[in-house]
Structure formats: C-alpha cells, structure tokens
Amino acid sequence: VVTASQAFLKVVADTPREIPLTSFSILFARYKGNLTELVAGAQTIETLKPGDRILIAEACAHHPITDDIGRVKIPRWLTQFVGGKLEFVTVQGHDFPNDLADYQLVIHCGACMNNRREMLSRILRCRTAGVPITNYGLAIAFSLGIFERALEPFPATLLAWRKIKGIA
C-alpha cells in the first residue's frame, strides 16, 4: 500500500499488518534523494526541544491550503511530539537558504518538482552545514510512531535504521 503521508494513521489502521505499507513521499525519498540519509535525519526528531528552529522546504511554489501539510500538519505533529513550541520557517521553490546553521533540522517535501540532482544537492548542502535533513513522509511517520512500519518495504534501509538505533 502506498498512501499520502498525511493519511498514515487511517491507512495503517485499515491495512492488515502483513501488507507492506509506505507513502508516496518515502518512495520519493528513495527515488530522488538518499533514503538512508533522510532516515538518519528523522532520528533528530527525537532530540528536538522547544524553541528549536526547523526549516520546511517545499520544491514547488503551490498556494497553501487550509490545513496545509507543510505549514499546519507537520508543525502540529512535531509540536505535539516535542511537547512544546518549535520555530518553523518555510521556503518554496528555489528559495533554499545558503546559510543553514540556525536550523536543527530540515524537513523537505517529496521533491516531485525537483530532479534527483537538485535534491541530492540540497542533501549535500545540509550535510556540509552539519544540519540533518529528512522529508515529509519520514517526519510524519516518525512523529506518529509508525516509522518502522513505513520502512518495511525497504529492508536494507530498515536494517540501517535499526543499526542507528542499536537494535539490529
């Protein structure tokens, strides 16, 4: 099953455990970026504390809608996970900051409007700045407590995640 990340909770509840499940955004993390590095970046969510700055990066320049995933839902889920207010900065299209030092985490959209080279370039810029990066689907799955289930279709990445956690 491949779902929209924002529908994870309902789809997980409706999908038998033996059926593999992930999201469009997580598939794009693998297709356009570096899934293992973005999975490692999601680990940072566990260490966030109130007041931390999070960059939400969107590849396209869509018009935000009510209950927008990047401006409303992800900030809400992460704030609930952390248990306090976080500072979110949103950029769109090609407006990706040169200076990332003030951010504790970058959360990127699925990058369907970017090519692989541009997404890998953004990942490299984050790595060079020492700022972890993840994407929407991974951040949502982590904050909702269904991270491993969403990674099960990718056994090598799931194993790498378990090694990061010290449970492999």
Self-check item: Mutual orientation of the aromatic rings belonging to Phe96 and His108 [parallel < 30°, tilted 30-60°, perpendicular > 60°]
Solution: tilted

Quiz item: Is Lys165 paired with Glu46 through a side-chain N to carboxylate O contact shorter than 4.0 Å?
Solution: yes

Quiz item: Are the side chains of Cys109 and Asn135 in touch, meaning some heavy atoms are under 4.5 Å apart?
Solution: no

Exercise. Taking the side chain as every heavy atom from C-beta outward, state whether Gln104 and Leu48 have any pair of such atoms under 4.5 Å apart.
Key: yes

Quiz prompt | For Pro153, all residues meeting side-chain contact (heavy atoms from CB on, under 4.5 Å), sequence neighbours excluded | solution = Pro20, Thr22

Quiz prompt | Step-by-step side chain to side chain contact (heavy atoms under 4.5 Å, CB included) determination, Leu158 to Glu148 | solution = CA-CA 7 Å; Leu158 181 58; Glu148 288 203 9; 4.0 Å; yes

Quiz prompt | Pairwise side-chain contact, Val39 with Leu138, heavy-atom cut-off 4.5 Å (strictly under) | solution = yes

Quiz item: Could you give all pairs that pass the salt bridge (charged side-chain N to carboxylate O under 4.0 Å, His left out) test and reach residues 106-118, with sequence neighbours left out?
Solution: Glu118-Arg122

Quiz item: Are Phe88 and Thr79 side-chain neighbours, meaning at least one heavy-atom pair lies under 4.5 Å?
Solution: yes

Practice problem: Return the set of residues passing side-chain contact (heavy atoms from CB on, under 4.5 Å) with Ala139 (not counting sequence neighbours), or none when no residue passes. | Solution: Ile45, Ile107, Thr134

Quiz item: Hey, are the side chains of Glu58 and Val91 touching, using non-hydrogen atoms and a 4.5 Å cut-off?
Solution: no

Quiz prompt | Side chain proximity check, Ile133 to Leu38, heavy atoms < 4.5 angstrom | solution = yes

Self-check item: Leu27 side, atom CG; Phe24 side, atom CZ - distance, nearest 0.5 Å
Solution: 8.0 Å

Practice problem: Decide yes or no for Leu86 and Pro50: does some side-chain heavy atom of the first lie under 4.5 Å from some side-chain heavy atom of the second? | Solution: no

Practice problem: Report yes or no: do Val106 and Val89 belong to one cluster of Ile/Leu/Val/Met/Phe/Trp/Tyr joined by side chain heavy-atom distances under 4.5 Å? | Solution: yes

Quiz item: Rounded to the nearest 0.5 Å, how far does OG1 of Thr44 lie from CG of Asp52?
Solution: 10.0 Å

